[in-house]
Each structure stands twice: as C-alpha cells, then as structure tokens.
Amino acid sequence: MSRIAQVIVDVPSRGTDRPFDYIIPESMQGWLEIGSRVGVPFGPRTLQGFVVGLSMESDTPAVKLKPIKELLDLTPPLSEDLVELSEWMSARYACHRITALQVMLPAALKGKAERYIRVTDRSEWAERGSNLQRDPDELVLFESADELTDMEAQIVAHIQKQQEVRMEHLTRKFASHADVIKQLLQRGVLSESRSIRDKVQKKTIRTVSLHLPEDEIRTIIEEFPAKARRQKEVLTFIADTGGEIPLKDIMTVLGVTAGTVKSLADKGYIVIRDMEVFRDPYKNHSFAPSQPFVLTDEQQMVYNAIVQRLDTRTEGEFLVHGITGSGKTEVYLQSIQRVIEQDRQAIMLVPEIALTPQMVERFKSRFGDHVAVMHSRLSSGERYDEWRKIREGQALVAIGARSAIFAPFANLGLIIMDEEHETSYKQEESPKYHARDVAVHRAHQHGAVVILGSATPSLESYHAARSQSSDEFNPALLEIHGRALGSELPEVHIVDMREELKEGNRSMFSRPLHQAIEDRLEKKQQIVLLLNRRGHSTFVMCRTCGYVAECPNCDISLTFHQRSNNLRCHYCGHAQPAPEICPECGSEHIRYFGTGTQRVEEELAKLFPGIRVVRMDVDTTTQKGSHEKLLNQFRDKQADLLLGTQMVAKGLDFPDVTLVGVIAADSALHLPDFRAAEKTFQLLTQVAGRAGRHHLPGEVIVQTYNPDHYSVVHASRHDYASFVREELKHRQVLSYPPYCRLALITFSHEKLPLLVRIAENYVQMVKDHSHKLGWLGSLERFSAEALDVLGPVASPIPRLKNRYRFQCMIKWRGDMDVARLAEHISEQLQDSVRDKDLQISIDVDPQVLM
DNA sequence: AGCACGCCGACT
DNA sequence: GTCGGCGTGCTC
C-alpha cells in the first residue's frame, strides 16, 4: 500500500505548478487512486486537488507532510491515461498542470472549500435532543452552555437537526444574528470545518416502490378499509405497475396528493426514496431508429480500410478527404457501430456550430441511449450528467465539440474529427490545446484509430498524409470523389465586381446574382446568401482594379490604421502611409472594406419587395435555441432566403436550396493571416456544397474583386488538389506551416514603454538561448533544424482592457522543445522584472494570430 | 492564487 | 512609541 500521494492543487500559478506530497490516511487506503479528486490542506487553506502519483516514500521532510483531508468521489473522475495526458499537455502547450486537468472535467467538479458548522461533540448533544436547556448538569462540556439564550438555543437546535450546516446557509437563515453565531463559535459551542463542495448537485427524483412482497400487498388491498378509497387506488397502481415509480407520475395519473401516498409509506406498505437521475437534455425528443445505409463503392473502400485497423486492434490515423455531400457521416456511423461491437467506445468531434439538432438526431437514432452529447449550450448540470453517463459506462459514443476529446472512456477504440480543418478545434484560452493533436495522443494511449474528415482538409493534415515523415502524426489518405446521392456538384459562377462597377452598378448585388435571386423567387426555390464578415476589419482595396495593399516582406495584406493614417503589417512591423489613390491604376476608388448583414437585409427588402429573409448572425442567434428556430423556419419554407455569416456554410442540408450567393468572397482573403487563402478556399467550397444536394441542380454565384485569385478560381472548380499545390508553394517559400511550426508569444502590460522593453528583451533572450543551443538559423535554407524569431510588434489588437499588447513569433523546424524554451524565458523575465502586472502568454501552434 | 511575515510613515 | 502600508516568499 502506498503511503504518500502526489497531488496537484487547484492554484494555477508558477510556484504551485508541481505535485505536493501528502500522507494517505488509513481510511482512504484502497480507495485513493491516481486520478482521485481530494481536498487537501494547503498553507492555511483547504483546496481541491488531483492525485497524479502514489509512492511509499517522500523526499519532503516528514514534519512537513500533512494528511489528505477528504476523498471527494467514490470513483476517481480521471483515469490514469487522462492524468498522463495532462502532463503531455502541460509540456506541449506550456500551461499549468492544473489547467490541463481542469479542462478535462465538467465545470461541476470544480469544487471550492466552504465553511461547515456543526455543534461541538455531536454524539453528546444528540442524545439530549431538545432538553438542552433544562438539564444544565450534563452541559459541563461548555462552561457557558447553561446560559444559552433562546436565540442561541434555536440556532443550535437547527444545526443539530441536520448535523452539519453550510455557513452560507446559516448566515442566510439567521441573517440578523451573525454576531450570535460568531460568539457561539468563539465559545466552542459550535465548531467549524472546511470541506470541498461541488458546484452542481446530483439530481434526484422521488420514487415509490413496494415495501412488502406483492402477494402480501394484494391481500392488504383486498382488506383495505372502504373509506380509504384513494389509498387503495394508489397501492393497486403501484402493485400493477411494479418497480420504482416516480411520485410525480402517480400524482398526475391518479390525481392524488403526495399526502395520500405518504400515508401508505407511514403504514409500511411502500417506500419513498430519492433516486439519482440523469438530466436528459433530449428527453422531449423521440428518435426513430435508423438502419445503416448501403455504402457506395467509394464509401465502402474507406470503410474497409478503417475496419481493417479496428479489427486488428492496431492504432492508426486516417484523413478522409470527401467532397461535400459525399456521405462521410454514414461511414463514421458504421465505423462507430463496429467499435461498439468490439466492446470499445468512440468519440465524435464536430465544430460547435455544426452540432445541430439534425446531427444529434442522426446519432441518437442510430445508437439510442448510448449517445452522450456535450456542447456549450447545455447547463452545467446537464453537462455533468452527460459526462457521468460516459464515466459510468452507460454511454458508448460521445459526440461533442472540442472538449469532448476528454470524454472519460475506459476503452477507447475510435476518435473521429469531422470538419477537421476548423479552427475552433484550437482552444484560445489556456490550455491552448488543439483537439487534433490531443486526439492523436489519446489514440496512441489506447491503441485507437483516428479519423479526420473534411472536404477541405487543413494543409497541416494533408501535408502530413502526403509526406512520409516519421512523425507521431502520419495519417493515411482516403478519398471520396462522388456524392452519396449521385448528385452533381453545383456549377460555380464567378462575378467580377470590378466589371460591375465599371458598368455603373454600385449595388452590393451584381446583375447575375440579382437575376438569379429573382428567378428562384419566381420558381419558389430557396436561396442561401453568405456574407463573410470576418473581413469586417479594415483592409485597403481598390474598387476599380482590385489592388490590395500587401506587406513587401511577408506577402500578407496590410491593415489600415485610422489613427495614424498608415498601413501596417502585423507580422514584421512594416508600416507605410495610406495611399490616396491606387498605386496600381491611379483610381480614386480606393477604400477600406466592411459590410454588415443588416445592411444586406435592408438592401434585399428594397430590391425584392415581399421577400422573406431569415437572418442568422451573432446578433440573432445568441439566445438559447434561436439557432434551431431560425433554421426550422427556413426548412419549413416560411422564408425564401437564408442570409448569414460563416454559420450558414456548415453542414446544413436543405433539399430546396438551388442558389447560393457569396456577396464578397474576398473579405477573408486579405486578413493579416497567412491562412487567409486557405480560409477563403474552405469557406467557398463549404458554402458551395449547400446547393443542389438533392434532386434539383444547384448554382453558386461568387462575387469577388479578385476573380483570378487561386483560392477563388480553384474553389469554383471544386479543385482541392490544385489549390493545395499552389498554396503549399507559398507556404514553403515564406516558411509557414506545414513547413515549420509556430509559437506566438503575447506580452501585455499597462505601461507601454515597459512593455516594449520587455518584448525586445524577450526576443533577444530567445535568440541568445537558441544560439547557444545551436538552433538559431534561417528557415529559408531548408535546413532540417532551425529556429527564427520575428518581432516584437504591436498585436493586431494593440490595446485590450487598458493593457497594451505586443507579440513576437517563433518559427522553427525540427523537434526541439520550443514550448519549454519559451516558458523558461518567460519565467526568467518575470523573475527579473518582478512586476505581477506583466502577462506573458504562449500559444503553441496558433490558429489565429491575434 | 492567498496569506503571513517583515521593514518604513501618520497617529492615540 | 504603535497601527498598518503592501513587497516577497511559501504552501506538502
């Protein structure tokens, strides 16, 4: 038996980011495991912590060791593999261990210490009951107990009844007598302790069941006194139904009160108890069971490749590149089915916005109650219950967004990541993990298979599949070229908005789009309009020739800064004055860009009187369930046109949509991000996939000022391979992922001069350190190992919440531990500056460079 | 993160 | 001469 437990305590700071040793009390022997959640004394406080190791001896001097105070769960909330995973995460993403552990659990398990009050020496007092004032002889224990006033006695009695009462509850109940409670504590009549209390309680319902054998009950029913007609009915009902029946049901079905039922319990015929139940967010939905579809030949080949690995229990990764509407989901469903038959479990990750009721229904109707759904719109209680269903083995499939990758399955066989290119798989707050990388690591732990699926795979994944590297992540590429229903991909027309302007059309709708909308309205077919609002930020473009100002060093569009009236690059810091006329064609129509959905809606109403528009954007979908409501409205044909931002591009499937319009394809193209072209290509491809998915042929109209840009051209031809070829060339020349890795270091402080000095210091320190290690070098030389630092520059958001922000970027190739280097330097700098106002954040493999 | 221990200004 | 400012150091 181990004597010592290593515990990570719930304090996310540098000084406490290591295990602390505790003595395991006798009573916890055999119960305490790696992954257990415990309450421990830490300095003067009581904190929640997680056991990450067990041992016989400790290096800490015995006098310093304290015992663990309490064990918080019967079964450990974390398994050993998740504890190991947290160690890997803290190293890879430079985060505190506790932060990594915490992200794996539902918020409900983030307990905080609370004060609990009880009457001192409970056993003595319990016997005395309410006589405590009348029997002063026995109260020698407390010198002044015989002087208890009425108020004091009342408080003591209240506490005694419940044995232990939370301080918070007490101060609320006896709000005006806080001083009395304080005094009782001082005199020792009451004592306090601290204990960890969870945020969410398990939910229970009152149930009723027979307390005697059924034949006995039948006899009792026979002989029931006639005037107790109601009770007789109730008892008969319970005997007939059998098992545990919710009290509520009895009351509604028979129209009786709780009192009637209770008197039966008092007679000892039945028992009433609180039964633990799971909150079911989908309890009001019914799901018609569905059967597997017959797979197309292509689907079958993909499925066979996956099943081959599953059946031989070999780990492996697959990248399934299937065009929109190719029926990837059906392949996922059948693969999951296989894994379940093997007594293993599966995780299905989808982007948050794609986790629609449609999607959930598909899984629930195939796998019934074995599905646990985890998404952000659940209450913390609901999320906790879904999590427990997984932990306790009731659920076999977890479907959810990013954090579902931590679903606590014991025997994981398959992890699927749909729309794997989505940036929402990267968490923006600490721990800044990427679910794809975590998935690969977890799969290695379990010998499980990983499937990444997308119509537009990320360049990182695609490149990893293409190059035969010996990396940890080396997926096999599987392709699906045809659509499941045999429909054709829609025809895409590119409209050159420069031409429109030349011909005098200043409206946001080109003539072809205008005409097409009119046509569909007439035919009573539906339209989806996409306004890409990511480009709301200000890039400078010439309306006449499409010229966009770009940085000479970085090949990235410049951002317009109104304050200083100049253009800047967020990568290297380059700045130049804002042009008055277009440097390419001399036109005066040069301006910065941005259009809102609201304006488009107004414009639509003006141009097409009577048009029924459903607008979907952050403004209209913040309310719970509004997303679903708007989509249903559109599905039920209560609207002709669905107008929205990115969210209309994903996964929606409406049979009568025959026209998809993209108002401004360019708006994401000129964001200061090296992934701008990739994002544009992905968005156009995805949104084009919304049209003509069923019998009616679809058409897509893309308006753009850059009709020749390769992301637009290749998207219009549905040509992923050509796009990738071209984009990879750019990435290679400029040394961006997948040809190197990135870490973004962001500094923030209230005082600008200090901040600049720190940022410059940091960059210098990175250079010095990596030079010493022999890492520093130019990445452009195609060396296998090299590291380079860019910046520091002001962040794209230079001031946030009264704090200035600077950033620098580390680029490297090779498998050196840059996260550790970055963290090490952070700590050195923090130590030398000694300013706790200084924040340094490290983002390894950033997806958004802000 | 808290909380305590520890060295320098405005007050009974 | 004391109460208290928050600098820095520790928490098994």
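Every heavy atom of this structure was used, including side-chain atoms; hydrogens, water molecules and symmetry mates were not. Numbers restart at 1 for each chain; the letters A, B, ... are given by sequence-line order, proteins then strands.
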Output yes when a side-chain donor or acceptor of A:Tyr804 lies under 3.5 Å from a complementary backbone atom of A:Ala794, and no otherwise. no
Let me know the distance between CZ of A:Arg14 and P of C:dG9, rounded to the nearest Å. 12 Å
Between A:Arg97, A:Lys110, A:Lys112, which is the residue that forms a salt bridge (Lys or Arg N to Asp or Glu O under 4.0 Å) with A:Asp10? A:Lys110
Categorize A:Pro41 for me: base, sugar-phosphate, or nothing, with a 4.0 angstrom heavy-atom threshold over every strand shown. sugar-phosphate
Roughly how many Å is it from CZ in A:Arg3 to C1' in C:dC12, rounded to a whole number? 13 Å
Rounded to whole angstroms, how far apart are CG on A:Leu47 and P on C:dT11? 14 Å
Taking the six-membered ring for Trp and the single ring otherwise, decide whether the centroids of A:Phe174 and A:His158 are under 6.0 Å apart. yes
is_close_aromatic(A:Tyr433, A:Phe406), centroid dist under 6.0 Å: yes
Between P on C:dT11 and CZ on A:Phe20, what's the gap in Å once rounded to a whole number? 8 Å
Expressed as a whole number of angstroms, how long is the span from A:Asp831:CG to C:dT8:P? 12 Å
Ignoring hydrogens and geometry, is there a side-chain-to-backbone donor-acceptor pair from A:Lys426 to A:Lys432 under 3.5 Å? yes
Interface limits on DNA chain B, where chain A has a heavy atom under 4.0 Å of a nucleotide atom: B:dA1 to B:dC3
Between the side chains of A:Arg675 and A:Thr423, does any donor sit under 3.5 Å from an acceptor? no
Interatomic distance where CG belongs to A:Asp21 and P belongs to C:dC12 [whole Å]: 11 Å
So what does A:Tyr22 hit on the nucleic acid, given a heavy-atom distance under 4.0 Å: a base, only sugar-phosphate, or nothing? sugar-phosphate
Calculate the interatomic distance between A:Lys66 atom NZ and C:dC10 atom C1'; express it in whole Å. 11 Å
